[in-house]
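Any value given below was found using the heavy atoms of this structure, including those in side chains, with hydrogens, waters and symmetry copies removed.
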Amino acid sequence: MTDLRFGVVGLGARSGIARHAHRPGEGSAIVAVCDPVGAQQQAALDNYPEAKAYGDHKELLDLNLDGVFLTTPDDLHEDPAIDFLQAGVAVFVEKPLAITTAGCDRVLQAAYDSGSRLYVGHNMRHMPVVQTMRELIRSGAIGEVKTIWCRHFVGHGGDFYFKDWHADRRRTTSLLLQKGAHDIDVMHWLADGYTTRANALGGLVLYGGIADRQDRSGQRFADFVSEDNWPPLEQKGLAPVLDVEDLSMANLQLDNGVFLTYQQCHFTPDYWRNYTVIGTAGRLENFGDGPGGVVKVWNSRRSGYREDADIVVDIPSADGGHAGADPRLVAEFVNFVRDGGTTITSPIAARAAVAAGHAATTSLRSNGVPIDIPALDPALIEYFDRGQSRP
């Protein structure tokens with residue numbers, strides 16, 4: 001088997017996902033790495049010693065790559081993705097697809113016009129907890145889904161999102177979009193629908209009051225992350241530009257009549273997601289989102305709180321990052337580049353997650369007024385739903 005040749009653009013913390021595609025002699029290899037920071041280039045070359053390093057993504061456009069992993073900061077997804085697609089290179093875009101709905105639509109249109117394959121890194125669709133919940137729902141365990149609630153406790157918020165570019169709304173739009181795109185996509189997938197209207201409230205209620213700031217543009221992610229940074233008000237060295245919300249609550253109405261609620265807090269002591277899905281014949285809820293956790297289903301009617309459930313399913317364990325999701329995600333992308341076909345992830349769903357997060361952010365910053373989501377060109381929906389092939 002001839003190795004597919006891949007590049008990696010953006011060599012920060014998330015770029016490590018590309019290592020799952022580095023299997024020289026077994027079907028795929030990383031042959032080019034790209035980042036404007038020399039230290040990032042060198043760190044990548046330590047992992048891929050046979051690769052060549054570049055400082056600008058445009059230097060990779062003429063290398064005849066089969067695909068590229070685009071793991072840049074969020075505001076640098078849209079234009080590089082379009083450049084590679086127009087150059088005939090298959091693109092893995094780390095989520096979110098872009099930081100605005102219009103930006104997503106530009107990328108989708110470029111993929112459609114060029115015929116180059118587009119894949120978005122919504123790895124949570126491959127997480128065992130999410131697949132367990134989806135299988136239970138599809139089996140009819142709770143009847144027809146009517147509402148989903150998600151509470152996202154972001155225990156590492158101060159370290160992960162308020163010390164670098166994530167804290168600048170010009171680069172993320174909001175954490176309701178940036179971080180929430182994962183959960184919104186999961187809820188859309190479990191509910192089998194997409195958001196058409198959103199409203200939200202929230203604010204910068206804790207980290208905005210911390211005056212200690214530091215420019216960390218020369219640092220790597222590992223340089224400023226520590227579980228010792230607790231409690232939240234004792235954080236030091238937050239980002240010089242910090243204008244995203246650390247608390248947000250969104251209500252989403254789907255095209256199939258299902259209603260979603262999403263809550264995100266960046267100063268909790270624990271770090272996990274809790275989904276509650278209620279249907280016409282019961283409800284399910286996850287307790288923990290990795291190995292050792294469970295998904296419980298209640299079907300029989302009783303009064304009062306009860307811990308015992310009618311069905312209890314252990315969340316399976318799997319090797320690899322994000323509870324085993326990352327290697328599965330990359331394997332699907334590599335197979336997609338080689339063979340095409342449909343995938344578990346979906347560029348249309350990725351656009352829907354951004355559109356919901358973007359609309360909710362607009363609402364949040366407009367005193368909670370409802371915001372409608374613009375419709376997507378039906379030709380694009382048909383093309384991507386068909387596995388990015390023309391009739």
Side-chain angles (χ1 to χ4, degrees), residues 13-23 71 92 94-95 120-139 141-142 145 148-157 159-161 179-191 221-222 225-228 230 262-266 268-278 282-299 306-335 343-345 349 353:
R14 191 56 180 150
S15 66
I17 193 173
R19 73 183 186 277
H20 298 296
H22 190 55
R23 300 286 186 269
T71 51
F92 175 111
E94 174 59 3
K95 71 86 207 164
V120 187
H122 274 284
N123 60 342
M124 286 192 66
R125 290 193 175 209
H126 290 272
M127 286 180 67
V129 63
V130 174
Q131 295 194 341
T132 297
M133 291 189 293
R134 180 170 166 83
E135 289 166 6
L136 284 166
I137 291 168
R138 291 172 68 87
S139 75
I142 60 170
V145 173
I148 304 176
W149 310 333
C150 176
R151 300 178 298 163
H152 193 173
F153 311 106
V154 191
H156 297 339
D159 291 275
F160 284 12
Y161 301 102
K179 188 67 171 166
H182 268 316
D183 297 297
I184 294 170
D185 179 61
V186 167
M187 290 192 289
H188 282 169
W189 200 39
L190 297 181
F221 183 70
V225 173
S226 172
E227 293 189 4
D228 295 332
W230 186 262
Y262 177 60
Q263 301 178 44
Q264 182 187 99
C265 180
H266 284 265
T268 60
D270 47 348
Y271 194 1
W272 66 294
R273 296 168 166 92
N274 171 258
Y275 297 97
T276 296
V277 187
I278 304 175
R283 74 176 179 93
L284 66 77
E285 185 172 356
N286 68 296
F287 294 86
D289 52 17
V294 298
V295 177
K296 294 186 176 184
V297 177
W298 290 268
N299 300 116
R306 60 190 178 102
E307 185 173 338
D308 59 308
D310 297 293
I311 301 173
V312 179
V313 180
D314 292 330
I315 298 171
S317 61
D319 294 331
H322 289 93
D326 287 351
R328 298 180 186 182
L329 182 79
V330 173
E332 183 175 65
F333 172 61
V334 172
N335 291 336
T343 57
I344 291 176
T345 65

Counting only pairs under 3.5 Å, give me each side-chain donor-acceptor contact of residues 311-323, with atom names and distances, residues two or more places apart or in other chains.
| unit_1 | atom_1 | unit_2 | atom_2 | d |
| --- | --- | --- | --- | --- |
| H322 | ND1 | N123 | ND2 | 3.4 |
| H322 | ND1 | D326 | OD1 | 3.4 |
| H322 | ND1 | D326 | OD2 | 3.1 |

Seminar exercise, completed: Shortest non-hydrogen pair, N299 vs G282, comes out as ND2-CA, 4.1 Å
Exercise. Do you know the tightest heavy-atom contact between A21 and V334?
Worked result: CB-CG2, 4.0 Å
Exercise. Of all heavy-atom pairs between Q264 and H266, which one has the smallest distance, and what is that distance?
Worked result: OE1-NE2, 2.9 Å
Exercise. Where do L284 and I137 land on the side chain to side chain contact (heavy atoms under 4.5 Å, CB included) test, with the steps shown first?
Worked result: CA-CA 9 Å; L284 66 77; I137 291 168; 3.8 Å; yes
Exercise. Checking Q131 side chain against R125 main chain: does a donor-acceptor pair fall under 3.5 Å?
Worked result: yes
Seminar exercise, completed: Taking every heavy atom of T345 against every heavy atom of L329, the minimum-distance pair comes out as CG2-CD1, 3.8 Å
Problem set entry | Gap between atom NE2 of H188 and atom CD1 of I148 - 0.5 Å precision | 9.0 Å
Exercise. When you look at I278 and W149, which way does the side chain to side chain contact (heavy atoms under 4.5 Å, CB included) test go after all the steps?
Worked result: CA-CA 9 Å; I278 304 175; W149 310 333; 3.6 Å; yes
For this session: Check whether more than 12 heavy atoms from other residues, nucleotides or ligands sit under 6.0 Å from atom CH2 of W272, and answer yes or no.
Result: yes
For this session: To the nearest 0.5 Å, tell me how far E285 CD sits from T276 OG1.
Result: 3.5 Å
Problem set entry | Contacts of D289 that satisfy side-chain hydrogen bond (donor to acceptor under 3.5 Å, both in side chains) - sequence neighbours left out | none
Problem set entry | Nearest non-hydrogen partners of M133 and L190, listed with the distance | CE-CD1, 4.1 Å
Exercise. Between M124 and K95, does a side chain to side chain contact (heavy atoms under 4.5 Å, CB included) hold up when you go through it step by step?
Worked result: CA-CA 11 Å; M124 286 192 66; K95 71 86 207 164; over 6 Å; no
Exercise. Going from NE2 on H20 to CZ on R328, what distance comes out if it is rounded to the nearest 0.5 angstrom?
Worked result: 12.0 Å
For this session: For side chain to side chain contact (heavy atoms under 4.5 Å, CB included), just list the numbers for F160 and V154, CA-CA rounded to whole Å, side-chain angles, deciding distance to a tenth of an Å, and then say yes or no.
Result: CA-CA 9 Å; F160 284 12; V154 191; 5.9 Å; no
Exercise. Is a side-chain donor or acceptor of W298 paired with a backbone partner of D308 at a separation under 3.5 angstrom?
Worked result: yes
Exercise. Within the distance-only criterion (no hydrogens, no angle test), does the side chain of D159 pair as donor or acceptor with the backbone N or O of E227 below 3.5 angstrom?
Worked result: no
For this session: Ignoring hydrogens and angles, tell me if any N or O in the side chain of D185 forms a donor-acceptor pair with the backbone of A181 under 3.5 Å.
Result: no
For this session: Give, for atom NE2 of H156 and atom OG of S226, the distance between the pair rounded to the nearest 0.5 Å.
Result: 9.5 Å
Problem set entry | Parallel, tilted or perpendicular: ring planes of H182 versus H122, cut at 30 and 60 degrees | perpendicular
Problem set entry | Donor-acceptor under 3.5 Å (E332 side chain, I344 main chain) | yes
Exercise. Can you check whether Y275's main-chain N or O pairs, donor with acceptor, with N286's side chain at less than 3.5 Å?
Worked result: yes
Exercise. Minimum heavy-atom separation for H152 to Y271, with atom names?
Worked result: NE2-CE1, 3.7 Å
